[in-house]
Protein chains: 2
Amino acid sequence: MKMNTTTLICNKKGTVIINMSKSFSFIDDYLAYLLARSSHLVSEQFHRQIQDQGWSTNYWRILASLSDEDGLTLTQLNQRVLFKQPTLSKLVVKMESEKLLKRHQDDADKRAVKITISPKGRTLIADLLAQAKAHEKKVLADYSEEQQQLLKAMLRRLVVHLQD
Amino acid sequence: MKMNTTTLICNKKGTVIINMSKSFSFIDDYLAYLLARSSHLVSEQFHRQIQDQGWSTNYWRILASLSDEDGLTLTQLNQRVLFKQPTLSKLVVKMESEKLLKRHQDDADKRAVKITISPKGRTLIADLLAQAKAHEKKVLADYSEEQQQLLKAMLRRLVVHLQD
DNA sequence: CATTTTTATATGAAAATGAATACAACTACT
DNA sequence: AGTAGTTGTATTCATTTTCATATAAAAATG
């Protein structure tokens, strides 16, 4: 029996059975494309939602990263938001001018700029975080808890693997 | 016993056991971030590699998409490359001027522009595809065939799920 | 230490991007 | 057919991004 589709079955325990097929086109079998595409699709709606409220997705990324770990250096923050350094530099200055962030000189290293969230930024990010969680819930509505954890665990593993 | 890491074990048959932990920071438990981050990490090196050869990553994306299915409409191509329409319009004109592509009027729909790869484009994409495959092989070197298929199958499933 | 190298951030000019819009061609409806 | 709405692409212009580089501080080196 020849399969020309891939079946992926996840049971309650996270066990997975796949029926493989060799008949994918290049991009549908190319990891980088699958990641780019799924990343795009997952974020698309939520980004529009943010923009409809007058915020840029860059602001969201920056604030979300800081919400986990406030007081990061520009470089540290940049490792999380995945921008180019000049891009982040300018964004952070702009966000400071809008009272969402504060930039402080780092005492330990006078070159470094430490970035903290302001009260206004905190209010905003609390709101956006709640929206993000709600959106993710919708995106993963058809996935069982185990399937969600499996997907995330595989991605985390990939990230760790690629970062070393 | 309290776990503060997630263990993901994939056996030869693609069976997966995960030990879950509740102690992730927001972004490390946020699907959109995990996808964006892994996407970025997977493509990073390869994109530099392309740029070092004097090509833009946009050219790579466009040609790779056309390599699967030549003669796409601008809109169809855009669904694959995930750009904004004006961005792709301009890129395609530029690439035509560099003799990598050809733009034809679609007979069935005179508004539409069909885009095909030129011989020069074919030579280039053949080279880049080989490099891309080699790069992916390196990226996934530590993954068994089954693990690779599992990862890709899950992403394909997510893509299909989000596209409906 | 003085010197070289590396690291952290900023900046300016140039390029890329995208929102808004225009326009032409197609579709659906009456 | 005629009209209204939709779709496919191009273009404009304001904004954003980035390359290249500058600068200052740290680290490494001899």
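Letters A, B, ... mirror the listed sequences (proteins, then strands); counts begin at 1.
Taking atom NZ of A/Lys110 as the reference point, atom C1' of D/dT23 lies 16 Å away to the nearest angstrom. Here the C1' atom of nucleotide D/dG8 and the NE2 atom of B/His104 are 17 Å apart, to the nearest Å. In this structure, A/Lys84 places its NZ atom 17 Å from P of C/dA15, rounding to the nearest Å. Following rounding to the nearest Å, B/Leu91 (CG) and C/dA16 (P) show an atom-to-atom distance of 8 Å. One atom, CG of B/Asp106, and another, C1' of D/dT7, lie 13 Å apart when rounded to the nearest Å. To the nearest angstrom, P of D/dT11 lies 16 Å from NZ of B/Lys94. Going from atom CG of B/Asp107 over to atom C1' of C/dC26 covers 15 Å, rounded to whole Å. As a whole-Å value, the separation of A/Leu82 CG from D/dT17 P is 14 Å.
Between the CD1 atom of B/Ile125 and the CG atom of B/Leu66 there is a distance of 8.5 Å, given to the nearest 0.5 Å. Here the straight-line distance linking atom OG1 of A/Thr73 with atom CG of A/Leu77 works out to 9.5 Å at 0.5 Å rounding. Note: A/Phe46 CZ to A/Trp60 CH2 = 4.5 Å, rounded to the nearest 0.5 Å. The distance from atom CD of B/Gln147 to atom CG of B/Leu150, rounded to the nearest 0.5 Å, is 8.0 Å.
Between A/Val81 and A/Ser65, the shortest heavy-atom contact is CG1-OG, 3.5 Å.
In this structure, the side chain to side chain donor-acceptor pair (under 3.5 Å) partners of A/Glu98, at least two apart in sequence or on a different chain, are A/Tyr59. Residues meeting the side chain to side chain donor-acceptor pair (under 3.5 Å) test with B/Glu136, sequence neighbours left out: B/Lys152.
Computed from C1' positions of five pairs at each end, the angle between the two local axes of the helix from C/dC1-D/dG30 to C/dT30-D/dA1 equals 40°, rounded to 10 degrees.
A salt bridge between B/Arg156 and A/Asp29 is present, with a side-chain N of the basic residue lying under 4.0 Å from a carboxylate O of the acidic one.
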Worksheet item: What one-letter contact string describes nucleotides 6-13 of chain C from 5' to 3', where B marks a base within less than 4.0 Å of any protein heavy atom, S marks contact via sugar-phosphate atoms alone, and - marks no contact?
Response: -BSBBBBB
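The shortest side-chain heavy-atom distance between B/Asp142 and A/His161 falls under the 4.5 Å cut-off.
Within the structure, the side-chain hydrogen bond (donor to acceptor under 3.5 Å, both in side chains) test picks out the following pairs touching residues 121-135 of chain A (sequence neighbours left out): A/Gln45-A/His135, A/Gln49-A/Gln131, A/Gln53-A/Gln131, A/Asp70-A/Arg122, A/Asp127-A/Gln131.
With no hydrogens or angles considered, a side-chain donor-acceptor pair links B/Ser25 and B/Asp28 at under 3.5 Å.
Across residues 44-71 of chain A, A/Asn58 each have a non-hydrogen atom less than 4.0 Å from an atom of DNA chain D (numbered order).
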